[in-house]
Amino acid sequence: MREKQTQPVLIVGAGMAGLACALQLHRAGRAVRVFEASDGVGGRVRTDVHDGFLLDRGFQVFLDTYPQTRKLLDLEALDLKAFEPGALIYRGGRLHRLMDVFRRPASAWSSLTAPVGSLSDKLRVGWLRMKLLNSSFEAIAAREDRTTESYLREFGFSETIIDRFFRAFYGGIFLERELRTSSRMFEFTFKLFGRGSATVPANGMGEIPKQLASRLPHGTIQLNQAVKTVGIDSITLESGERIQGCATVVATDGSAAHSLLPSLQRPQSEWRSVTNLYFAADRSPIREAILCLNGSGEGLVNNVCVLSDAASSYAPEGQSLLSISVLGLPDDHQLVDQVRTELTAWFGPEAASWRHLRTDRIRRALPQQPPNANAPLSTNEAGVWLCGDYLSSASIEGAVLSGQHTAAAILANCGTQ
C-alpha cells in the first residue's frame, strides 16, 4: 500500500474540475499528474488574445459569491470587474432599464415603469429575492424540483415578465429560452446574483484556471497529451506511452468521459449550444458595465455586452469590445450580417461599421440540467473516478465542487502519504 501511495494520481483533463481535484490532492501531499489534450488549461474557461482584444471562448461571467470557489481563488489577484446588478431590456425599439432596486435605489422609478412586467411582477421579484437570500443552499437543494418555467408561473409571475425578462436573462445563463432547466439551479443562481455580482477578471476568464494551475508544481500538467485509454491505475496516451499511477480520474466533460469509458452506466450528456460573436467598435454604445437583453421575442440575438465597459483591458486603448450571444448553432450563412442588422435596430446606424473579430460556435457549451437529474458530485465506475460540472451544477462552482469531492474520496480510499 505504501508503494502504491508514492505513485501519482493520474488526472485526465485540466479544466476547472481537474485542476480543483489536483490542487486538493497536492495540498494533501499526494503526487499528481494531469494530462490535457489541448494547448492550455481551463477546459471551457479559456481566453485568447486577438488583435489586442481579450476574447473569452463564449460569453462567461464569474459570480463572486460562489461559496466554495471564492475560498479557493485569490480574488484580489484576479482583479474582478463587476457588472451592474440589473439589465437593459430591448423592446419596442429602445432599451429599458430594470435594476436590482435594493442595491440601486436611484433606478427604482425607471425599473418600475419598464414595460417588462406589471407592478405586481416587480414586487414579486423583490419577494423572491428575499425568500432566496434567506434560504440556505442545502434548503434549495432539498426542495421539490421542476422546470424553471413551471416554477415562475407557480410563484405568480405573469407571462409578460417571463417572456420579456426571464427568458432572455436566463437564456444567457442556461443557454435556452424555454426555461426547461431545473428550478433548483434557477434558485441557486438567483440567490447568488442577489448576494453579489457577475464579474470578469481584468485579464479575462482564462485567468481563473491559470491561477489554479500556477499553484501546482512545475511539470504537473502536461499539455497536448491526448489520452487514448484509461484503467483503474493507468492511462495510455495517443502516442502509445503507458503511464502508471495509484488511481485514475477522468475530469473531462460528460461526452468525452463516455468516449474514454464506453461502458459507463450513466446516460450520455446532453448539451446546450451557443454561438458567440465579437465586434470591435470605436466607442461603446452603452458606456456602462451592464448586460443588454432581447425582450422583444424576435431576432437571433439573445444578449449583448460591452466587455470593455466592465474591464478596459479587454480592448486596446480607444476601442470597445462587444460580445453578442446567439443561442444554438444557426447557419453561418449571412449570420454576421443578420446580427449587425439587429444591432443597428438596438443601437443605431453606428453598429453597421463595427468590425467583426471572431465567431465561436460552441457545440458543447453547457450540460443540460433538467429537473431531478442530480447526480453524486463524483462517482467511481469500474475503479475509475469521474468528476465534472455535469455531475453537479453546470457552472464553475459545480466543477470545483465536483473536483474537490473526488479528491476527498480518493484520499479517504487511499489515504495520504
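Remark: Thr220 OG1 to Phe35 CZ distance equals 10.0 Å, nearest 0.5 Å. Considering CG of Leu300 and OG of Ser325, their distance stands at 12.5 Å, rounded to 0.5 Å. Distance check: Phe186 CZ to Leu132 CG gives 7.0 Å after rounding to the nearest 0.5 Å. To the nearest 0.5 Å, atoms CG (Leu98) and NZ (Lys122) are separated by 6.5 Å. To the nearest 0.5 Å, atom CD of residue Glu154 and atom OG1 of residue Thr147 are 8.0 Å apart. Ile11 contributes atom CD1, which lies 8.5 Å from atom CG of Leu19 (distance to the nearest 0.5 angstrom).
The environment of Gln268 atom CD is dense: over 12 non-hydrogen atoms of other residues, nucleotides or ligands sit within 6.0 angstrom. The neighbour count for Arg143 CZ, taken as heavy atoms of other residues, nucleotides or ligands under 6.0 Å away, is above 12.
For the 3.5 Å distance criterion, the side chains of Gln319 and Ser308 fail to qualify, holding no donor opposite an acceptor. A donor-acceptor contact under 3.5 angstrom links the side chains of Arg242 and Ser234, judged on distance only.
Phe193 and Phe188 have their aromatic ring centers separated by at least 6.0 angstrom. Ring centroids of Phe53 and Tyr314 are separated by 6.0 Å or more, keeping the two rings apart.
The residues Asp253 and Arg364 are annotated as salt-bridged, a charged nitrogen and a carboxylate oxygen being separated by less than 4.0 angstrom. Between Arg124 and Asp121, none of the side-chain N atoms (NZ, or NE/NH1/NH2) sits under 4.0 Å from a carboxylate O, so this pair counts as no salt bridge. Note on Arg283 versus Glu350: salt bridge recorded, some NZ/NE/NH1/NH2 to OD/OE distance being below 4.0 Å. A salt bridge links Arg146 to Glu144: at least one charged side-chain nitrogen sits closer than 4.0 Å to a carboxylate oxygen. Classification of Lys228 and Glu241 as a salt-bridged pair fails, no side-chain N sitting under 4.0 Å from a carboxylate O. Between Arg91 and Asp163 there is no salt bridge, since no side-chain nitrogen of the basic residue lies less than 4.0 Å from a carboxylate oxygen of the acidic one. A salt bridge is defined here as a Lys NZ or Arg NE, NH1 or NH2 lying under 4.0 Å from an Asp or Glu carboxylate O, and Arg358 with Asp360 meets this definition. Using a 4.0 Å cut-off between a side-chain N of Lys or Arg and a carboxylate O of Asp or Glu, Lys81 and Asp64 do not qualify as a salt bridge.
Ile286 pairs with exactly one of Leu322, Leu95, Leu291, Val306 by the side-chain contact (heavy atoms from CB on, under 4.5 Å) rule, that one being Val306.
Scanning all heavy atoms of the two residues, the minimum distance from Leu133 to Gly194 falls at CD2-C, 3.9 Å. Summarising the geometry of Thr275 relative to Leu329, their closest heavy-atom pair is OG1-CA, 3.6 Å, with the distance given to 0.1 Å. Of all the heavy atoms in Ala87 and Leu293, the pair that sits closest is CB-CD1, 3.7 Å. Of all heavy-atom pairs spanning Pro201 and Ile208, the tightest one is CG-CG1, 3.9 Å. Residues Ala82 and Ser197 share a closest heavy-atom pair of CB-CB, 3.8 Å.
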Go through it in stages, so that I can follow the logic: the residues are Leu152 and Thr148, the test is side chain to side chain contact (heavy atoms under 4.5 Å, CB included), and I'd like the CA-CA distance, side-chain angles, deciding distance and then a yes or no. CA-CA 6 Å; Leu152 293 171; Thr148 295; 4.0 Å; yes
Begin from the C-alpha positions of Phe62 and Leu78 and carry the test side chain to side chain contact (heavy atoms under 4.5 Å, CB included) through to its verdict. CA-CA 11 Å; Phe62 176 78; Leu78 288 174; 5.5 Å; no
Using salt bridge (Lys or Arg N to Asp or Glu O under 4.0 Å), reason through Arg177 and Glu149 one step at a time and then give a plain yes or no. CA-CA 9 Å; Arg177 292 179 68 104; Glu149 182 182 56; over 6 Å; no
Please walk me through it: do Ile396 and Val45 pass side chain to side chain contact (heavy atoms under 4.5 Å, CB included)? CA-CA 9 Å; Ile396 289 174; Val45 185; 4.3 Å; yes
Given side chain to side chain contact (heavy atoms under 4.5 Å, CB included), test Arg57 with Arg44 step by step and report yes or no. CA-CA 7 Å; Arg57 296 190 182 180; Arg44 302 194 301 276; over 6 Å; no
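Judged by distance alone, with hydrogens and angles left aside, the side-chain atoms of Asp56 form no donor-acceptor pair with the main-chain N or O of Phe59 at under 3.5 Å. Within the 3.5 Å criterion, the main-chain N or O of Ser284 finds a donor-acceptor partner in the side chain of Arg287. Checking side-chain atoms of Arg361 against main-chain N and O of Gly328 turns up no donor-acceptor pair under 3.5 Å.
Within the 4.5 Å cutoff, side-chain heavy atoms of His96 are placed close to those of Pro115.
The aromatic rings of Phe174 and Tyr170 are tilted relative to each other, their planes meeting at an angle between 30° and 60°. Below 30°, between 30° and 60°, or above 60°: for Phe155 and Trp127 the angle between ring planes is between 30° and 60°, a tilted geometry.
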